[in-house]
Amino acid sequence: MRISQCAEDVLITYSLGSCVGVAIYDPECCIGGMLHSMLPLGSSDPVKSQARPCMFTDSGIQLMLTEMFRLGARKSNLIVKVAGGATMLDSKEFFRIGERNVAVVRKLMWKNGILIQNMETGGSVSRTMSLHMNSGITTIRSNGQIHEL
């Protein structure tokens, strides 16, 4: 997880396969954050969740929101975009980690009264997600193509 208030920064997370990337931006105070989490629920490994909360979607999102609010972001201003959650190395979809990661993001945002503006999830491709702090624009790079999310 990274949070920035610097207009020159570009927050980037690479290789979002079954992992999920969450970009949150407050355009009023120019605070943005990005999370790259691997597993849906910290309760699956409480010791690791305590040591590395951003490894897990649920605890990572809560930590990112808490830190952004501490810096002055307001819930009513937040723009949320989500990418990843693909089916990777699980062709029989036994574990469904990507799908479960996306479900946790959706549930947490709904419980916190925060709308997700746009998502690019699922499939079987890896994605790179970038949040441009000077504009709040979020881009996705996948299969050699870049587009705005």
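The figures here come from the full heavy-atom set of this structure, side chains too, leaving out hydrogens, waters and symmetry mates. Residue numbers run from 1 in the order of the sequence given.
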Is a side-chain N or O of [X] found less than 3.5 angstrom from the main chain of [Y], in a donor-acceptor match?
| X | Y | result |
| --- | --- | --- |
| Ser142 | Ser126 | yes |
| Lys75 | Asn112 | yes |
| Ser49 | Asp45 | no |
| Asp26 | Arg74 | yes |
| Thr57 | Leu39 | yes |

Just wondering, do [Y] and [X] contact through their side chains at under 4.5 Å, heavy atoms?
| X | Y | value |
| --- | --- | --- |
| Ile140 | Met129 | yes |
| Arg2 | Asp9 | no |
| Phe56 | Lys48 | yes |
| Ile24 | Ile114 | no |
| Glu120 | Asn118 | no |

### Query
Does one hydrophobic cluster hold both Met119 and Trp110, with members joined at side-chain heavy-atom distances below 4.5 Å?
no
### Query
Quick one: do Leu63 and Leu65 end up in the same hydrophobic cluster if we chain Ile, Leu, Val, Met, Phe, Trp and Tyr together by side-chain heavy atoms under 4.5 Å apart?
yes
State, to 0.1 Å, how close [X] and [Y] come at their nearest heavy-atom pair, and which atoms those are.
| X | Y | answer |
| --- | --- | --- |
| Gly32 | Leu11 | O-CD1, 3.9 Å |
| Gly42 | Asp58 | N-OD1, 2.9 Å |
| Val10 | Ser130 | CG1-CB, 4.1 Å |
| Cys54 | Met1 | SG-CB, 3.5 Å |
| Met64 | Gly33 | SD-C, 3.6 Å |
| Met68 | Ile31 | CE-O, 3.6 Å |

### Query
For the side-chain contact (heavy atoms from CB on, under 4.5 Å) test, which of Leu108, Val105, Ile116 pairs with Val22?
Val105
### Query
Considering residues, nucleotides and ligands other than Met38, do more than 12 of their heavy atoms fall under 6.0 Å from its CE?
no
### Task
Apply side chain to side chain contact (heavy atoms under 4.5 Å, CB included) to Arg141 and Tyr14, showing your working.
CA-CA 9 Å; Arg141 182 170 41 97; Tyr14 299 94; 3.9 Å; yes
### Task
Please test Leu78 against Met109 for side chain to side chain contact (heavy atoms under 4.5 Å, CB included), starting from the C-alpha separation and ending with a verdict.
CA-CA 11 Å; Leu78 297 182; Met109 292 303 165; over 6 Å; no
